[in-house]
Visitor: 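Sharing a structure here in structure tokens format.
FYI, side chains are in, hydrogens and waters are out, and symmetry mates aren't considered; it's all heavy atoms of this structure. Counting starts at 1 for both ligands and their atoms, following the listed order.
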Amino acid sequence: MSSLPYIVGNWKMNGTRAMLAEARAIDRATARLPGVQVALAPPFTLVHAMREAVESIGVGGQDCHVEASGAFTGDISAPMLADAGADFTIVGHSERRAMHGESDAVVRAKAEAALAAGLSVILCVGETEAERDSGQAEAVVGAQLDGSLPLGAEAAQRLSVAYEPVWAIGTGRVPSVDDVSAMHRSIRAKLTAIYGEAGAEVRILYGGSVKAENAAELLAADDVGGALVGGASLSAESFVAIIGAAAIAR
Ligand code: PGA
């Protein structure tokens, strides 16, 4: 694993070819900040074009199917993502878990399919507001990790975990630095319990309303190895400010 902070933009269902100009600007800024690893996960339709347009940043998918090919209308497989030039894919985002009914077992199968296709994986976990309010946040995230992390110590080498509290996504609300630190320590303990020494190397990203204004503080929390950024990754101006904060926090 690289020890550089890893700043990943998740464009969700946003972006047509006109937005490749933002990716190019992000790419140029990244080339000037070698102390940060940067990637974007555009919609599937832009993966190939973005890969061709950038040099210094990673490009990935936001999801993949568990199978490599077959009668799955509308789905995209991990080998297809790799063929389009993707380096990685996100799996288990809370929007997929909630709106597409993805279970932990499905998320694990997707992560394993992505790794088998040669991709790196960013696996997302996070509690709802009700779960946090009832004191269940660490237990819920621990259970998600138990159920969805890809199996086998070698999986850890191409894995990042993104802690994204559901209630912080797109809301402008973020947990306290103490709560982020506590959760990241708990995730680290789980990773080392599951993967042994290799679990110490997995980067743990924070995601949920990361902006230029709060990035430095969140990135300085215990064991935060980067950020998964939604809304603020859609323009070069706001995303490059976060990348800049990561470069300084380093
Ligand atoms: P947000 O999204 O930064 O817009 O809160 C984060 C995410 O869902 O990955």
Visitor: To the nearest 0.5 angstrom, please state how far the CD1 atom of Ile76 sits from the OG atom of Ser69.
Guide: 12.5 Å

Visitor: Any carboxylate oxygen within less than 4.0 angstrom of a Lys/Arg side-chain nitrogen, looking at Arg185 and Asp223?
Guide: no

Visitor: Out of all atoms in ligand 1, which are within 4.0 Å of some heavy atom of Asn10? Include the element for each.
Guide: 9 (O)

Visitor: Counting only pairs under 3.5 Å, give me each side-chain donor-acceptor contact of residues 77-89, with atom names and distances, residues two or more places apart or in other chains.
Guide:
residue, atom, partner, partner atom, Å
Ser77, OG, Ala68, O, 2.8
Ser77, OG, Met80, N, 3.3
Asp87, OD1, Arg51, NH1, 3.4
Asp87, OD2, Arg51, NH1, 2.9
Asp87, OD2, Val59, N, 2.7
Thr89, OG1, Gly61, O, 3.3
Thr89, OG1, Asp63, N, 3.3
Thr89, OG1, Asp63, O, 3.4

Visitor: So, His93 versus Glu164: side-chain donor-acceptor pair below 3.5 Å or not?
Guide: yes

Visitor: What are the atoms of ligand 1, with element, lying closer than 4.0 Å to any heavy atom of Ala168?
Guide: 5 (O)

Visitor: Which residue and atom name correspond to the protein heavy atom nearest atom 3 (O) of ligand 1, and how close is it?
Guide: Gly230 N, 2.8 Å

Visitor: For Thr171, is at least one N or O under 3.5 Å away from an N or O on ligand 1?
Guide: no

Visitor: Give the numbers and elements of all ligand 1 atoms closer than 4.0 Å to a heavy atom of His93.
Guide: 7 (C), 8 (O), 9 (O)

Visitor: Check each atom of ligand 1 against the heavy atoms of Gly208 and keep those under 4.0 Å away; list them by number with element.
Guide: 5 (O)

Visitor: Output the list of atoms in ligand 1 that are nearer than 4.0 Å to some heavy atom of Glu164, sorted by atom number.
Guide: 6 (C), 7 (C), 8 (O), 9 (O)

Visitor: Just checking, any donor-acceptor pair under 3.5 angstrom between side chains of Glu127 and Tyr163?
Guide: yes

Visitor: How long is the gap from CD1 on Ile26 to CG on Leu20, to the nearest 0.5 Å?
Guide: 10.5 Å

Visitor: Do any heavy atoms of Lys12 fall under 4.0 Å from ligand 1?
Guide: yes

Visitor: Using distance alone, decide if ligand 1 has a nitrogen or oxygen within less than 3.5 Å of any nitrogen or oxygen in Ile169.
Guide: no

Visitor: Can you figure out which of Gly207, Ala232, Gly231 has its heavy atom closest to atom 4 (O) of ligand 1?
Guide: Gly231

Visitor: Between Arg173 and Glu129, does any NZ, NE, NH1 or NH2 come within less than 4.0 Å of an OD or OE carboxylate oxygen?
Guide: yes

